[in-house]
Every structure is written in C-alpha cells, then in structure tokens.
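Proteins come first, then strands; the chains are lettered A, B, ... in the order of their sequence lines, and each starts at number 1. Side chains are part of it too, since the values below use all heavy atoms of this structure and drop only hydrogens, waters and symmetry mates.
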Amino acid sequence: MIQTLSEKHADFFDQVYAVVRLIPFGRATSYGAIASYLGVKRSARMVGWAMHGAAKHAGVPAHRVVNRNGYLTGSIHFESPNQMAELLEGEGVQVVDGRIVDFKKVFWDPFVELAID
DNA sequence: TGGCTGACTTTCG
DNA sequence: ACGAAAGCCAGCC
C-alpha cells in the first residue's frame with residue numbers, strides 16, 4: 001500500500017517495488033517519476049538499480065519501467081533484450097525500435113494516478 | 001573496510 | 001541548442 005510508504009520506514013528498494021507493482025496493465029512509467037514520487041528524484045539511478053532486485057521479487061513488472069524518453073533502456077537486463085518489448089506489446093503497448101510509441105499516452109504518473117493530496 | 005559502479009535525470013557551460 | 005558533469009545511495013568487489 002502506498003500510504004504505508006510514508007508511514008513505514010521501508011527500504012528504498014521496497015518503496016520502488018511498491019510503486020512499480022501499482023502500475024496498471026498496459027501502462028508504463030519512468031524511473032524519474034518513481035524517484036520523484038519517493039521524494040528523491042535525483043536518485044533516479046537507484047530506481048533502476050532497485051530493479052535489479054525487482055527481478056527476484058514476484059509481482060514487480062519491471063518491464064513497465066522505462067526512462068523518461070520511453071526507451072527500454074533496461075531491456076538489456078532481462079532474460080533477452082527483446083523480452084521487455086514483448087511483454088509491453090503483450091499488454092497492448094506498441095514498442096518500436098526499443099521505444100514505447102506514444103509514451104505520453106501510456107505514461108503512468110504516480111502523482112496523478114495515485115492522486116496525492 | 002573502502003571505493004567503484006550503476007535499468008537515470010537535471011542543470012550548468 | 002548541444003555537450004559535459006554532477007547528484008543520488010546501496011550493492012558488490
């Protein structure tokens with residue numbers, strides 16, 4: 001739960017996992033958006049680094065996390081470079097040349113979707 | 001134990 | 001407008 005993020009002093013990784021898990025089907029977000037949501041936008045790299053552990057965390061759709069341009073930069077860390085793209089396409093997200101088409105449309109902004117008050 | 005590296009983003013020159 | 005550098009923090013030699 002998101003509310004527990006601010007309540008509990010969970011590890012940075014756990015917070016990232018929690019947010020990533022909330023990404024709806026057919027949507028995607030960026031490392032920076034998650035980092036910013038967690039209040040450490042400058043640590044966007046850590047979000048990506050956190051995904052290293054996300055692979056062993058079931059239920060964490062790491063393929064729905066891309067860089068701010070919609071490029072599947074993390075695809076190289078999947079079982080195969082095209083694994084990430086195929087997963088996204090399987091969710092109806094069109095991917096061309098390692099980049100999400102109309103990323104702004106499929107972009108899932110935690111600040112908006114989670115409606116922070 | 002200490003230092004390097006990294007699935008990024010932003011800002012300064 | 002483009003290129004380079006910094007900042008973030010935890011895991012892994």
Side-chain angles (χ1 to χ4, degrees):
Chain A
M1 291 311 184
I2 282 297
Q3 64 234 41
T4 55
L5 293 178
S6 51
E7 295 281 354
K8 297 190 61 158
H9 295 90
D11 291 328
F12 186 80
F13 280 32
D14 293 331
Q15 296 185 41
V16 174
Y17 302 151
V19 176
V20 175
R21 253 188 296 244
L22 294 176
I23 302 175
F25 184 90
R27 291 297 206 79
T29 190
S30 65
Y31 305 98
I34 298 173
S36 184
Y37 177 70
L38 295 179
V40 282
K41 69 173 186 178
R42 284 309 234 264
S43 302
R45 282 205 280 183
M46 290 317 313
V47 177
W49 186 245
M51 304 318 289
H52 253 262
K56 52 189 177 184
H57 274 247
V60 181
H63 61 278
R64 294 183 188 151
V65 184
V66 297
N67 68 359
R68 76 171 196 87
N69 293 313
Y71 282 97
L72 282 51
T73 56
S75 61
I76 59 176
H77 288 278
F78 277 72
E79 297 178 42
S80 62
N82 60 311
Q83 180 73 61
M84 191 173 182
E86 301 214 348
L87 285 170
L88 287 170
E89 290 180 326
E91 296 188 357
V93 179
Q94 191 176 5
V95 178
V96 176
D97 193 36
R99 178 173 176 269
I100 295 177
V101 179
D102 291 329
F103 179 56
K104 59 182 179 181
K105 286 208 315 182
V106 299
F107 180 69
W108 181 80
D109 190 347
F111 286 101
V112 176
E113 306 296 337
L114 298 181
I116 296 178
D117 189 11

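- The residue A:S36 sits apart from the nucleic acid: no heavy atom pair falls under 4.0 Å.
- With rounding to the nearest 0.5 angstrom, the OG1 atom of A:T29 is 11.0 Å from the CG atom of A:N67.
- Using atom C1' as the reference point in both B:dA7 and C:dG3, the two lie 23 Å apart (nearest Å).
- When Watson-Crick and G-U wobble pairs are counted only if both distances are under 3.5 Å, C:dC8 pairs with no nucleotide at all.
- The distance between atom CE of A:M46 and atom P of B:dC8, rounded to the nearest whole Å, is 11 Å.
- Here B:dA7 presents its C1' atom at 14 Å from NE2 of A:H63, a figure rounded to the nearest Å.
- Side-chain proximity of A:R45 to B:dA7, C:dG7, B:dT9: nearest is C:dG7.
- Between the CG atom of A:L38 and the P atom of C:dA10 there is a distance of 13 Å, rounded to whole Å.
- Note: CZ (A:F12) to P (B:dA7) measures 15 Å, nearest angstrom.
- Taking atom NE2 of residue A:H77 and atom P of nucleotide B:dC8, one finds them 7 Å apart after rounding to whole Å.
- If you check distances only, the side chain of A:R68 never reaches the base of B:dC8 with a donor-acceptor pair under 3.5 Å.
- With DNA chain C read from its 5' end, the first of the two nearest nucleotides for A:F13 and A:K41 is the one closest to A:K41.
- The OH atom of A:Y17 sits 12 Å away from the P atom of C:dA10 (whole-angstrom rounding).
- Here A:S43 does not reach the OP1 or OP2 of B:dT9: none of its side-chain N or O atoms lies under 4.0 Å away.
- A donor-acceptor pair under 3.5 Å is formed between the side chain of A:S30 and the backbone N or O of A:A33.
- Following rounding to the nearest Å, A:H52 (NE2) and B:dC4 (C1') show an atom-to-atom distance of 15 Å.
- Salt-bridge formation is detected for the pair A:E91/A:R64: a Lys NZ or Arg NE/NH1/NH2 atom is positioned less than 4.0 Å from an Asp or Glu carboxylate oxygen.
- By the 30° and 60° cut-offs, the orientation of the rings of A:F111 relative to A:Y37 is perpendicular.
- For the atom pair A:H52 NE2 and A:M46 CE, the distance stands at 10.0 Å (nearest 0.5 Å).
- Mapping A:A44 and A:K56 onto DNA chain C via the closest heavy atom, the residue that lands nearer the 5' end is A:A44.
- For the pair A:R42 and A:A50, nearest-nucleotide mapping onto DNA chain B gives the more 5' position to A:A50.
- Atom CD1 of A:I34 and atom C1' of C:dC9 are 16 Å apart (whole Å).
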